[in-house]
Amino acid sequence: SEEMLNGIMDKVANGEIQVLVCTTIIETGIDIPNVNTLIIEDADRLGLAQLHPIRGRVGRSSRHAFAYLTYRKGKVLTEVATKRLSAIREFAEFNSGVKIAMRDLEIRGAGNILGAEQSGHMMNVGFDMYMKLLEEAVLEEKGGKKTKTECTADLNVTALIPDDYIDTAEQRMDIYRRIASIGSREDKEDIIDELIDRYGEPPNEVNALIDIALLRVDASKCGICDISQRGGRIYFKITDFNMELISGLYNLSEFKGRLKVEAGAEPSVSLKISKQYEIIKEASAFLKAYMSLQEGTKNEGVNDT
């Protein structure tokens with residue numbers, strides 16, 4: 001009961017009780033300066049938004065305090081759990097909440113800020129989606145409308161900024177933002193030049209991230225709203241499906257025997273991957289050919305007029 005809880009906490013505060021065993025309920029609103037040791041069991045199951053305030057229950061006076069974050073012996077931690085525990089250990093100084101929040105944003109992704117879902121991985125929704133949603137929300141408030149198709153890309157490619165390339169969380173987030181705003185090949189060259197100047201030659205993961213950003217830009221320009229990979233095929237969902245254009249692709253030697261029209265409520269075209277490790281190049285080649293056919297159709301229309 002509430003009365004029993006109050007009695008126990010009073011005894012802890014007065015030093016009558018030396019050890020308190022409890023749930024994560026203590027993460028906020030508890031200020032007991034004489035507590036100097038904290039042991040968190042199964043810390044790998046908690047998020048940074050829980051671990052940071054729970055750790056803040058100790059060290060609330062001049063007394064030297066200790067926080068032990070434990071997990072089961074022999075347990076293999078997930079990549080996300082490992083990153084969380086590393087972050088909580090790395091940012092231990094006073095007022096480190098902002099740094100932890102930035103790291104949490106990197107680990108979990110920004111999520112859907114306009115809906116109920118507040119989770120997701122950077123590869124899928126992440127900071128790029130955050131920027132797009134924010135831009136759309138601001139535009140909507142101003143009474144504007146989206147002027148172009150936005151393309152999403154879900155490819156089995158490792159695309160990220162490794163900690164050992166840019167070791168500061170704030171700088172990584174800034175570069176993620178810059179990459180998300182790429183709008184042309186000139187922007188791509190500019191960001192690569194800047195990365196080389198500041199951090200050295202970008203690793204493959206960073207180059208892939210940049211290439212995917214540009215891939216999405218090109219896809220948006222030609223009316224493709226989604227690029228995804230399932231098994232050995234890349235799927236292109238086209239907003240205004242034009243069978244005549246698709247037929248033109250079938251006639252190209254580099255795509256013979258590799259293209260397939262996927263029927264349905266939202267028809268798409270799939271491309272069989274010939275080289276598993278060049279997924280981005282294969283998708284780019286498809287877009288280049290598709291855009292070329294579109295331009296040819298437009299020119300024919302102008303000539304006819």
Side-chain angles (χ1 to χ4, degrees), residues 121-126 128-129 132 146-160 179-180 182-189 191-192 202-305:
H121 194 274
M122 179 71 76
M123 300 286 286
N124 298 324
V125 291
D128 179 48
M129 181 62 77
K132 297 299 182 186
K146 283 179 64 177
T147 57
K148 65 177 183 179
T149 302
E150 292 291 350
C151 177
T152 57
D154 183 12
L155 302 174
N156 296 338
V157 176
T158 302
L160 51 84
I179 292 174
I182 286 176
S184 65
R185 278 165 177 74
E186 289 75 18
D187 292 343
K188 173 185 173 179
E189 296 303 323
I191 190 71
I192 290 176
N204 292 335
E205 300 95 328
V206 176
N207 286 325
L209 190 66
I210 295 171
D211 287 340
I212 288 175
L214 188 60
L215 183 75
R216 294 176 64 245
V217 170
D218 289 341
S220 296
K221 289 178 180 177
C222 61
I224 292 175
C225 60
D226 182 73
I227 302 174
S228 60
Q229 179 185 351
R230 296 193 296 276
R233 304 188 75 87
I234 305 173
Y235 293 79
F236 301 86
K237 189 181 292 182
I238 303 171
T239 306
D240 296 317
F241 196 85
N242 186 326
M243 195 60 211
E244 187 177 343
L245 285 178
I246 303 304
S247 298
L249 290 173
Y250 271 88
N251 294 328
L252 298 177
S253 59
E254 62 265 39
F255 299 130
K256 284 216 170 165
R258 298 174 57 204
L259 284 178
K260 180 180 177 184
V261 173
E262 307 287 342
E266 295 181 315
S268 61
V269 177
S270 69
L271 172 67
K272 185 178 180 181
I273 301 169
S274 59
K275 296 180 180 179
Q276 185 63 34
Y277 298 103
E278 295 187 358
I279 297 168
I280 298 176
K281 286 185 179 180
E282 302 234 338
S284 297
F286 176 90
L287 289 179
K288 184 178 179 180
Y290 187 70
M291 292 172 75
S292 178
L293 288 173
Q294 281 185 322
E295 287 298 320
T297 303
K298 289 179 183 176
N299 293 335
E300 285 179 9
V302 170
N303 292 334
D304 290 343
T305 304

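Only a predicted model underlies this, so the values are computations on that prediction, with no experimental measurement involved.
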Trainee: I need the Glu189 CD to Leu214 CG distance, nearest 0.5 Å.
Mentor: 9.0 Å
Trainee: Between atom OG of Ser270 and atom CD1 of Ile273, what is the distance when rounded to the nearest 0.5 Å?
Mentor: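 Nearest 0.5 Å value for the OG-CD1 distance: 10.0 Å.
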Trainee: Return the minimal non-hydrogen interatomic distance between Val217 and Ile182, and the atom names on each side.
Mentor: CG2-O, 3.1 Å
Trainee: Is there any salt bridge (Lys or Arg N to Asp or Glu O under 4.0 Å) pair reaching into residues 249-265, and which pairs are they, with sequence neighbours excluded?
Mentor: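 Listed once each, the pairs are Arg258-Glu282.
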Trainee: Could you work out, with side chain to side chain contact (heavy atoms under 4.5 Å, CB included) as the rule, every residue matching Phe241, not counting sequence neighbours?
Mentor: Ile238, Met243, Ile246, Val261, Pro267, Val269
Trainee: I need the minimum non-hydrogen distance between Ala208 and Val157, along with the two atoms involved.
Mentor: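 The answer is CB-CG1, 3.7 Å.
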Trainee: With sequence neighbours left out, what residues match Ala289 under side chain to side chain contact (heavy atoms under 4.5 Å, CB included)?
Mentor: Leu249, Leu252, Phe255
Trainee: Strictly distance-based, threshold 3.5 Å: is any side-chain N or O of Ser228 a donor or acceptor partner for the main-chain N or O of Asp154?
Mentor: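 Answer holds: no.
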Trainee: Quick one: pull up CD1 in Ile280 and CD1 in Ile212 and give me the separation to the nearest 0.5 Å.
Mentor: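 If I round to the nearest 0.5 Å, the distance is 4.0 Å.
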Trainee: Go through the structure and list residues passing salt bridge (charged side-chain N to carboxylate O under 4.0 Å, His left out) with Asp218, not counting sequence neighbours.
Mentor: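 Once residues adjacent in sequence are excluded, the partners of Asp218 under the salt bridge (charged side-chain N to carboxylate O under 4.0 Å, His left out) criterion are Arg185.
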Trainee: Could you give all pairs that pass the side chain to side chain donor-acceptor pair (under 3.5 Å) test and reach residues 204-215, with sequence neighbours left out?
Mentor: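 Output for this query lists Lys188-Asp211.
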Trainee: Find the distance between CD1 (Ile234) and CG (Asn156) and round it off to the nearest 0.5 Å.
Mentor: 9.5 Å
Trainee: Nearest heavy-atom pair of Leu245 and Tyr290: which atoms, and what distance?
Mentor: CD1-OH, 4.0 Å
Trainee: Of the non-hydrogen atoms in Gly183 and Lys221, which two are nearest, and what is the gap between them?
Mentor: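 It is O-NZ, 4.0 Å.
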Trainee: Which value, rounded to the nearest 0.5 Å, describes the distance between Met291 atom CE and Ser284 atom OG?
Mentor: 10.5 Å
Trainee: Give a yes or no on this: more than 12 heavy atoms of other residues, nucleotides or ligands lie within 6.0 Å of atom CG of Asp240.
Mentor: no
Trainee: Between atom SG of Cys151 and atom CD1 of Ile227, what is the distance when rounded to the nearest 0.5 Å?
Mentor: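 Reported value, rounded in 0.5 Å steps: 4.0 Å.
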Trainee: Phe236: which residues meet the ring-ring contact (aromatic ring centres under 6.0 Å, His included) condition with it, sequence neighbours left out?
Mentor: Phe286
